[in-house]
Amino acid sequence: MVSAARRSTSEVDGAAAARLRAVGQRMTTNRLALLDVLASARRPLSMPEILDRGTGLAQSSVYRNLVVLEQAGVVHRLLSANDFARYELVEDLTEHHHHLICESCGSVEDFEVPARLDRSVRSALHDEAARRGFTVRSHRLDVVGLCRRCSNASRPRPRSVGRS
């Protein structure tokens with residue numbers, strides 16, 4: 001994630017274990033390994049990235065455990081370009097942040113906005129939701145566009161003009 005203001009590993013593990021118990025599940029070695037991978041990531045990870053981080057888990061096991069962790073409110077699944085799923089710990093286990101999502105390659109980057117802007121956005125969202133009888137519990141801002149690499153690749157190259 002973005003800032004150093006994150007919970008300790010033991011706090012995350014404890015909160016995750018409590019959430020799992022609340023949905024009739026338990027903390028397993030495989031789930032702890034997934035939590036470690038996600039907690040050490042600086043951005044949401046795709047399935048291949050999770051597997052590459054050396055969990056030693058089979059892909060089917062990772063998928064099953066991610067579903068359970070998501071249902072327990074420990075993991076958030078983020079869909080990016082072409083419904084490409086990425087996973088991260090839920091915000092209350094890390095810190096509040098937003099995402100830059102590339103609509104071309106599917107990359108996702110975490111970012112924070114200045115506190116004053118975030119308070120302003122939060123206030124506007126709460127006001128509008130209240131007008132509609134909706135109670136806000138949290139908000140996410142996903143900015144969709146082109147990452148630097150895809151943006152540079154899509155720009156036309158200047159052609160050299162020959163002299164006559």
Side-chain angles (χ1 to χ4, degrees), residues 1-25 27 31-32 34-50 53 62-63 65-156:
M1 300 302 135
V2 184
S3 75
R6 30 180 354 151
R7 288 183 174 192
S8 72
T9 302
S10 61
E11 288 177 311
V12 170
D13 293 350
R19 291 176 188 188
L20 285 164
R21 281 191 304 274
V23 295
Q25 297 287 334
M27 183 61 77
R31 291 175 186 157
L32 276 173
L34 280 173
L35 289 178
D36 288 344
V37 167
L38 295 174
S40 67
R42 301 201 42 82
R43 60 182 172 72
L45 299 175
S46 66
M47 179 59 67
E49 290 170 329
I50 292 170
R53 301 255 173 149
V62 172
Y63 273 119
N65 282 299
L66 285 170
V67 167
V68 170
L69 291 168
E70 184 180 8
Q71 290 171 342
V74 176
V75 169
H76 168 69
R77 181 171 41 105
L78 176 73
L79 294 178
S80 61
N82 302 321
D83 293 330
F84 193 64
R86 292 180 176 271
Y87 300 87
E88 66 182 352
L89 296 178
V90 294
E91 261 187 14
D92 63 312
L93 296 179
T94 58
E95 69 279 328
H96 184 68
H97 64 279
H98 304 286
H99 301 108
L100 299 172
I101 302 173
C102 181
E103 62 189 357
S104 179
C105 72
S107 69
V108 178
E109 182 181 338
D110 288 355
F111 77 101
E112 292 180 12
V113 297
R116 191 170 122 224
L117 175 58
D118 207 43
R119 283 191 302 272
S120 177
V121 167
R122 186 178 314 119
S123 176
L125 292 172
H126 281 262
D127 290 350
E128 185 58 30
R131 281 184 344 99
R132 297 167 185 250
F134 187 86
T135 302
V136 176
R137 292 170 59 190
S138 67
H139 77 271
R140 287 190 326 236
L141 176 63
D142 295 337
V143 179
V144 179
L146 295 176
C147 68
R148 178 177 288 136
R149 189 179 72 236
C150 291
S151 184
N152 288 340
S154 69
R155 286 193 188 120

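Panel note: side chain S120, backbone R116; no donor-acceptor pair is recorded below 3.5 Å. A donor-acceptor contact shorter than 3.5 Å is absent between the side chain of E103 and the backbone of L146.
Contact check for L32 versus M27: side-chain heavy atoms found under the 4.5 Å cut-off. Contact annotation: the side chain of L93 never approaches that of L35 to less than 4.5 Å [non-hydrogen atoms, C-beta and beyond]. Inter-residue side-chain proximity for V143 and H98 is flagged as unmet; no heavy-atom pair is nearer than 4.5 Å. By the 4.5 Å heavy-atom criterion applied to side chains, L89 and V12 are counted as neighbours.
The CD1 atom of I101 lies 9.0 Å from the OG atom of S107; values are rounded to the nearest 0.5 Å. One finds the NE2 atom of H99 at 6.0 Å from the CG atom of D142 (value rounded to the nearest 0.5 Å). The CZ atom of R43 sits 11.0 Å away from atom CD of E88, with the distance rounded to the nearest 0.5 Å. Distance check: L38 CG to R86 CZ gives 12.0 Å after rounding to the nearest 0.5 Å. Once rounded to the nearest 0.5 Å, the distance linking CG of L78 with CG of L45 reads 11.0 Å. In this structure, Q25 CD and R19 CZ are separated by 15.0 Å, a value rounded to the nearest 0.5 Å.
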Considering only distance and modelled atom types, tabulate donor-acceptor pairs under 3.5 Å from the side chains of residues 67-77, sequence neighbours left out.
from, atom 1, to, atom 2, distance (Å)
E70, OE1, R77, NE, 3.3
H76, ND1, R140, NH1, 3.4
H76, NE2, R140, NH1, 3.2

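In terms of heavy atoms, R149 sits closest to C105 at NH2-SG, 3.6 Å. Here the closest heavy-atom approach between residue C102 and residue C150 is recorded as SG-SG, 3.7 Å.
The pair E128-R132 meets the salt-bridge criterion, with a side-chain N (NZ, NE, NH1 or NH2) lying under 4.0 Å from an Asp/Glu carboxylate O. The pair E109-R148 does not count as a salt bridge, with every side-chain nitrogen at least 4.0 angstrom from each carboxylate oxygen.
When the side-chain hydrogen bond (donor to acceptor under 3.5 Å, both in side chains) test is applied to R122, the partners found at least two apart in sequence or on another chain are D118.
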